[in-house]
Structures are given as C-alpha cells and as structure tokens.
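Side chains included, hydrogens not; waters and symmetry mates left out as well; all remaining heavy atoms used. This structure is a prediction, so every number in the text was calculated from the model and none was measured. Note on naming: letters A, B, ... go to the chains in the order of the sequence lines (proteins, then strands), and numbering restarts at 1 for each one.
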There are 2 protein chains.
Amino acid sequence: MASDSLPEKKRISESTIHRLSLYYRALSVLEKEGFETVSSKGLAKREKLTPAQVRKDLSFFGSFGTRGLGYPVVELREKISQILGIDRSWRVALVGVGNIGSALVSYKEFQKQGFKIVKLFDNDQRKIGSNHKGIVVSDIKNLANELELDNIEMVVVAVPATVAQYVVDDIVKAGIKAILNFAPVNLKVPDDVFLRNENMSMELEYLSFALVNDHIPKRVR
Amino acid sequence: MASDSLPEKKRISESTIHRLSLYYRALSVLEKEGFETVSSKGLAKREKLTPAQVRKDLSFFGSFGTRGLGYPVVELREKISQILGIDRSWRVALVGVGNIGSALVSYKEFQKQGFKIVKLFDNDQRKIGSNHKGIVVSDIKNLANELELDNIEMVVVAVPATVAQYVVDDIVKAGIKAILNFAPVNLKVPDDVFLRNENMSMELEYLSFALVNDHIPKRVR
DNA sequence: TCAAATATGTGAAATGCTTCACAAGAAAAT
DNA sequence: ATTTTCTTGTGAAGCATTTCACATATTTGA
Ligand SMILES: NC(=O)c1ccc[n+]([C@@H]2O[C@H](COP(=O)([O-])OP(=O)(O)OC[C@H]3O[C@@H](n4cnc5c(N)ncnc54)[C@H](O)[C@@H]3O)[C@@H](O)[C@H]2O)c1
Ligand SMILES: NC(=O)c1ccc[n+]([C@@H]2O[C@H](COP(=O)([O-])OP(=O)(O)OC[C@H]3O[C@@H](n4cnc5c(N)ncnc54)[C@H](O)[C@@H]3O)[C@@H](O)[C@H]2O)c1
C-alpha cells in the first residue's frame with residue numbers, strides 16, 4: 001500500500017519540546033548578559049541538563065553550532081523561537097474570569113511573549129460587560145461567533161471543573177485546535193485538537209509523595 | 001564495600017507518581033458515582049491510558065485488586081492517598097501575595113485536599129498586615145522565624161522571577177524541603193530539597209509548537 | 001459443581017529516551 | 001604554518017518506560 005511508504009513525519013518527544021522552552025529562556029538571559037556564543041556545556045549547566053542532551057535536542061532540528069566555539073546566542077534563540085512558533089503572536093481567548101482567570105489576564109509576560117489574550121468570556125451576568133485590563137467580558141453564549149470573528153487560535157479554560165467539558169465542547173465546535181485547561185478534570189477532545197492541562201494539585205501531590213517517601217525519581221524531566 | 005550491597009531503594013518514575021494522582025481523582029469520582037469496583041480497563045479509559053499501564057503502576061506498591069473482579073474503589077483510593085501522603089494535611093506557606101498568589105489562597109480545593117495554606121508572606125508594606133481569606137500577611141523579613149514557629153512543611157513561591165532565587169535561598173535556610181515555584185526561572189536548591197516548577201508559558205509554547213508543526217508527540221505523558 | 005468469562009499481576013519484549021564516545025571541524029596558541 | 005585545544009554532531013550503547021502476553025486467581029452463570 002502507498003500509505004505504508006509515506007515518509008514518516010519526524011516525531012519529537014514532549015521532553016525535547018519542553019527543553020526547547022528552557023533553552024529559549026536561557027538564551028534570552030545570555031543575550032541580555034552580552035554573551036555572543038554559548039557551548040552546549042554552558043547551556044546545560046544553566047538548566048541542569050547534560051551537554052549531550054542539549055546537542056541531541058538541537059540536532060533534531062538542524063545544526064546551529066560551530067565546532068570549537070559553540071552556538072551563536074542570538075541566532076540560536078531566534079531559531080528556537082521559529083521552531084516553537086513564538087516568532088509571531090497568537091490570539092488567545094480566556095474563558096472563566098474568576099480567581100485564576102483574572103490573574104492570567106493581568107499577567108503581562110504572556111502578552112510580551114506574544115500570547116495576546118484579546119477576548120474574555122464568562123457566564124456570570126455581573127462579570128459580563130465588565131472591563132479587565134481593557135478587555136470587556138463577553139457572554140459565553142456568543143462564544144462560537146466571537147471566537148471566529150476575532151480569529152482566536154488558542155483558548156485558555158479557567159472555569160469550574162463541573163462545566164469544563166461543556167465549555168470545551170463548544171470551543172472545539174468553534175474550530176479551535178489548541179486549548180490550555182486549568183480545571184482538574186480529564187477533558188475529551190478530538191484527536192486533532194491539542195489539549196494541555198495545568199494541574200497544580202498534581203504538583204503538590206508530587207511534593208507530598210516526595211516528602212513521605214524521601215523520593216528520588218529515576219529520571220528527572 | 002558495604003555500601004555496594006545496601007538494598008537499593010525502589011525508585012518510582014515521575015510519570016507513575018503523576019498517574020497516581022490521576023487514579024486518585026478518577027477513583028474519587030467513581031466513589032461518588034457509587035461504583036464499588038473498577039477494572040484496570042475502566043480506570044484506564046477514564047484517564048486515556050492503557051490497562052497494562054494502570055496495573056503496572058499499582059504493582060509497584062502492592063497488589064490491590066481481585067482477579068476476575070477488579071479493584072475495590074474506596075480501598076484503592078485510600079491506598080493511593082497513603083502512597084501519595086495525602087491521607088493527612090500539610091501546612092503550607094505562600095510567598096508573594098500578588099495576582100497568582102491571591103488566586104491560590106482563594107482556591108478552596110487545596111484546603112479541602114489537605115494542603116492548608118496557613119501563612120502568607122510579602123515584602124510590600126501595603127500588603128503586610130492585610131487580611132486574605134482570614135490570614136494576615138506577614139513581613140518576608142520574619143520568614144525563617146515564622147516558618148519554623150508555624151511548622152510549615154511546604155512553601156509556594158509566587159514572587160517576581162527577579163527575586164525568586166533570594167526568596168528560595170531563605171526558604172531553604174529555614175529548613176523547608178518542599179517548594180512549588182511559579183516564577184519562570186531555574187532555581188538552585190540543594191539535593192535534599194524537592195522543587196517543582198509550574199511554568200505556564202511552557203505549556204503555551206507547547207501548544208504553539210503543536211499548531212505550527214501539527215505535532216503528534218511520540219509518547220503522551 | 002463445573003465451565004466459561006473476567007481481570008489481575010508480572011516476566012519479557014518492544015519502544016523510547018538519554019548518555020556515551022569519538023570522528024571531524026573550527027578556533028586559538030605557538 | 002602547524003599543533004593543540006575545544007566543541008559540535010551523531011551513531012551506538014545503555015537505561016527507563018510502556019506494552020505485550022499469559023499463567024493464575026476469582027467470579028459468574030448454568
Ligand atoms: N484558583 C486557583 O488557584 C486554582 C488553582 C488550580 C486550579 N484551579 C482551577 O481553575 C478553575 C477556575 O478556578 P477559580 O478559582 O478561578 O474559580 P472561580 O469560581 O473564581 O472562577 C470561575 C469562573 O468561571 C465562570 N464560569 C462558570 N461557569 C461558566 C460557564 N459555563 N461559562 C463561562 N464561564 C463560567 C464563573 O463565573 C467564574 O468567573 C477551576 O476549574 C479550578 O479548579 C484554580
Ligand atoms: N499572574 C500570572 O498569571 C502568572 C502566570 C505565570 C507565572 N507567573 C509568575 O508568578 C510570579 C508572580 O506573578 P504575579 O502576576 O502574581 O506578580 P505580582 O507582581 O502580582 O505579585 C508578586 C508579589 O510578590 C511580592 N514580592 C515581591 N518581592 C518580594 C520579596 N522579595 N519577598 C516577598 N514578596 C515579594 C510583591 O509585593 C507581590 O505581591 C511571577 O514570577 C510570575 O512570573 C504569574
């Protein structure tokens with residue numbers, strides 16, 4: 001069959017992608033500090049990784065270094081921003097302007113990074129129409145319409161766990177392909193929708209486990 | 001050498017611990033729904049894992065199921081809560097009562113789960129002395145003293161990235177062994193201190209990468 | 001009571017990820 | 001110019017995690 005011989009799309013591990021974020025952050029700092037080049041060793045040290053790991057990760061995407069010298073800081077940072085797709089800005093909507101939602105809207109770093117929260121939704125009449133950092137809260141009823149009209153590409157979900165699935169169903173119906181969820185619930189989305197969960201309880205539980213078991217994990221992410 | 005023959009402490013992978021949290025959550029729901037038993041298949045389906053994965057994870061800690069029947073819901077939930085160390089409560093302090101810090105203090109689920117935020121610290125004179133959900137904000141200057149006096153076991157760090165390392169150094173000096181950090185910076189802590197990072201930008205960057213590369217990771221965590 | 005169905009627990013295999021180790025390329029020193 | 005030093009890029013090895021597959025135990029139904 002023809003489909004058997006289609007060139008296999010190179011799949012990158014989740015860990016590698018997360019480490020690219022770390023490299024990006026480290027390179028931004030190095031740039032500010034005035035370094036022109038950095039070795040895999042130098043980069044590894046900043047993020048508590050091994051030099052081999054750094055080189056291997058980068059090698060999945062090309063060869064950006066110079067033997068004997070290292071990597072050019074600015075160039076590599078730019079290259080990684082291209083790989084991560086953060087060399088542009090993203091139009092983001094947020095659903096659920098409560099405790100955590102408000103904190104996220106107020107967080108300027110997201111905007112600076114290019115994740116522009118340009119739309120807010122809630123179902124509470126007291127919140128609809130109110131202004132948060134220059135954005136007027138929309139009624140969740142108009143979600144589908146307004147997401148499309150406003151060319152939203154990512155949605156952050158910060159509603160109670162009990163309603164998160166319904167909200168996500170609507171978001172998916174509106175054609176959104178990337179969702180960041182803060183509700184502690186396992187949401188069902190179609191295969192072509194990227195969903196990430198931010199689960200703070202899980203991290204506290206990890207710490208609890210570590211304290212109780214004096215835990216050293218086999219491999220640290 | 002004697003140390004060569006010491007019984008090797010069983011090391012559990014980070015992924016397994018995270019999945020225990022998922023099982024715990026799923027079991028709590030199943031309990032509410034009135035189920036008395038659940039199979040590895042049933043549990044796996046709820047959390048989008050494989051039955052073999054569920055059985056293997058649990059097998060690291062003992063055998064809790066009955067062949068032909070499955071696992072007793074209540075018993076297994078209790079067992080996992082023991083393993084995770086959440087069959088008790090933890091005294092938690094939070095440093096940095098800003099946007100995200102305030103959201104965390106207001107979040108009742110943490111308290112319900114046994115993560116009791118009982119102490120708040122800030123360095124802003126306008127915040128020190130003010131009351132958040134019944135807790136009076138303390139001056140960061142008294143950190144070491146008050147952490148000890150109040151038997152704090154975990155600290156959540158929600159201060160600006162620029163000062164996070166200083167704050168963490170003080171927390172470590174005060175003898176705290178578990179820290180949850182929200183600042184997007186790689187903090188240095190001694191080997192015997194457990195540090196977890198909650199990095200929201202990283203998750204947005206992951207979504208960005210996924211959209212740009214139409215990414216399917218090799219393995220989903 | 002016995003057969004069929006179900007589902008665990010676990011070695012072993014398969015897969016994935018990290019680290020090793022070194023050839024090769026480039027810079028720096030002499 | 002030549003040697004030495006440095007550091008990348010990458011197969012291959014080593015290690016960790018997941019999945020497979022099945023013996024075994026228990027329940028269910030006849
Ligand atoms: N606050 C935290 O620190 C924290 C921490 C971890 C996880 N979470 C999770 O984040 C989510 C939000 O938490 P929160 O503390 O901000 O809660 P919250 O109650 O303060 O905010 C929830 C918001 O969602 C809105 N909402 C409810 N139903 C809606 C619907 N159908 N459509 C649109 N909007 C709707 C509410 O009006 C409210 O403004 C929850 O799932 C919670 O479990 C919160
Ligand atoms: N707000 C968000 O949604 C969000 C999202 C991701 C990450 N973060 C990170 O979380 C951290 C806090 O963010 P925020 O938006 O809440 O900021 P914020 O400025 O609202 O809050 C920071 C708080 O820390 C206090 N503080 C400053 N220096 C201190 C010190 N030395 N000791 C004690 N307290 C001190 C400030 O007075 C303030 O109350 C930052 O590192 C930020 O990057 C925030």
Side-chain angles (χ1 to χ4, degrees), chain A residues 8-20 22-23 26-27 30 35-73 75-76 79-80 83 206 215-221, chain B residues 8-20 22-23 26-27 30 35-73 75-76 79-80 83 206 215-221:
Chain A
E8 187 70 20
K9 195 167 162 46
K10 193 176 51 183
R11 284 158 162 234
I12 302 294
S13 79
E14 196 183 357
S15 312
T16 292
I17 302 167
H18 276 152
R19 283 192 298 268
L20 287 182
L22 297 181
Y23 303 149
L27 288 161
L30 285 162
F35 290 91
E36 300 210 333
T37 59
V38 65
S39 64
S40 58
K41 198 174 160 189
L43 211 40
K45 202 167 183 191
R46 295 220 168 207
E47 298 296 336
K48 272 186 290 213
L49 301 165
T50 64
Q53 180 86 84
V54 173
R55 295 200 298 275
K56 181 63 92 180
D57 283 338
L58 296 176
S59 79
F60 294 136
F61 302 97
S63 28
F64 313 117
T66 307
R67 288 165 192 224
L69 185 61
Y71 300 92
V73 170
E75 247 178 85
L76 184 60
K79 187 70 206 173
I80 292 178
I83 295 168
Y206 189 103
H215 181 251
I216 300 147
K218 281 207 195 168
R219 197 180 265 177
V220 184
R221 208 187 345 149
Chain B
E8 186 71 22
K9 196 168 161 50
K10 193 177 53 184
R11 284 155 162 237
I12 302 295
S13 78
E14 196 183 357
S15 313
T16 293
I17 302 167
H18 275 151
R19 283 191 300 268
L20 288 182
L22 297 180
Y23 304 149
L27 289 161
L30 285 162
F35 289 91
E36 300 209 334
T37 60
V38 65
S39 64
S40 58
K41 199 174 158 188
L43 210 40
K45 202 167 184 191
R46 297 220 167 205
E47 298 296 335
K48 273 186 288 212
L49 301 166
T50 63
Q53 180 86 84
V54 173
R55 294 199 300 276
K56 181 63 89 181
D57 283 338
L58 296 175
S59 79
F60 293 136
F61 303 97
S63 26
F64 312 117
T66 307
R67 290 168 191 220
L69 186 62
Y71 300 91
V73 169
E75 247 178 84
L76 184 59
K79 189 69 206 172
I80 292 178
I83 296 167
Y206 189 102
H215 181 250
I216 300 147
K218 282 206 195 169
R219 198 178 264 180
V220 184
R221 208 185 350 146

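dT8(C) atom C1' lies 13 Å from atom CZ of F64(B), rounded to whole Å. L76(B) places its CG atom 13 Å from the C1' atom of dT8(C), with the value rounded to the nearest Å. Rounded to an integer number of Å, the gap from CZ of F35(B) to C1' of dA7(C) is 17 Å. A straight line from CG of D57(B) to C1' of dT8(C) spans 14 Å, rounded to a whole angstrom. At whole-Å resolution of the value, CZ in F61(A) and C1' in dG9(D) are 15 Å apart. Here the C1' atom of nucleotide dT8(D) and the CG atom of L69(A) are 10 Å apart, to the nearest Å. Counting to the nearest Å, the C1' atom of dC17(C) and the CD atom of E14(A) are 13 Å from each other. Rounding to whole angstrom units, CZ of residue R11(B) and C1' of dA16(D) are separated by 12 Å.
Using a 4.0 Å heavy-atom distance criterion, K41(A) is classed as making no nucleic acid contact.
The aromatic rings of H215(B) and Y206(B) lie perpendicular to each other, with more than 60° between the two planes, well past the 30° mark.
Considering all non-hydrogen atoms of both residues, F64(B) and P72(B) come closest at O-CD, 3.3 Å.
Between the two ends of the helix from dT1(C)-dA30(D) to dT30(C)-dA1(D), each summarised by a five-pair axis, the helix axis turns through 10° (rounded to 10 degrees).
Contact annotation: R67(A) side-chain N/O to dA23(C) OP1/OP2 distance is not under 4.0 Å. In this model, the phosphate group of dT19(C) is approached by a side-chain N or O of T50(A) to a distance below 4.0 Å at OP1 or OP2. At dT8(C), one or more side-chain N or O atoms of S40(B) fall inside 4.0 Å of OP1 or OP2 (strictly under the cut-off). OP1 or OP2 of dT19(D) sits under 4.0 Å from a side-chain N or O of Q53(B). Between dG9(D) and Y71(A), a contact under 4.0 Å exists linking OP1 or OP2 to a side-chain N or O.
Inter-residue side-chain proximity for F61(A) and I12(A) is flagged as met; some heavy-atom pair is nearer than 4.5 Å. Contact annotation: the side chain of I80(B) approaches that of L58(B) to within less than 4.5 Å [non-hydrogen atoms, C-beta and beyond]. Side chains of L49(B) and D57(B) form no contact here, defined as non-hydrogen atoms less than 4.5 Å apart.
Of the two residues near DNA chain C, F60(A) and R55(B), the one whose nearest nucleotide lies more 5' is R55(B).
The side chain of S59(A) lies closest to dT10(D) when the candidates are dT10(D), dT8(C), dT18(D). Taking only side-chain atoms of S13(B), from C-beta outward, the nucleotide of dT28(D), dT17(D), dG25(C) with the closest atom is dT17(D).
S40(B) is linked by a side chain to side chain donor-acceptor pair (under 3.5 Å) to R55(B), counting only residues two or more places apart in sequence or in another chain.
K48(A) NZ: more than 12 foreign heavy atoms inside a 6.0 Å radius.
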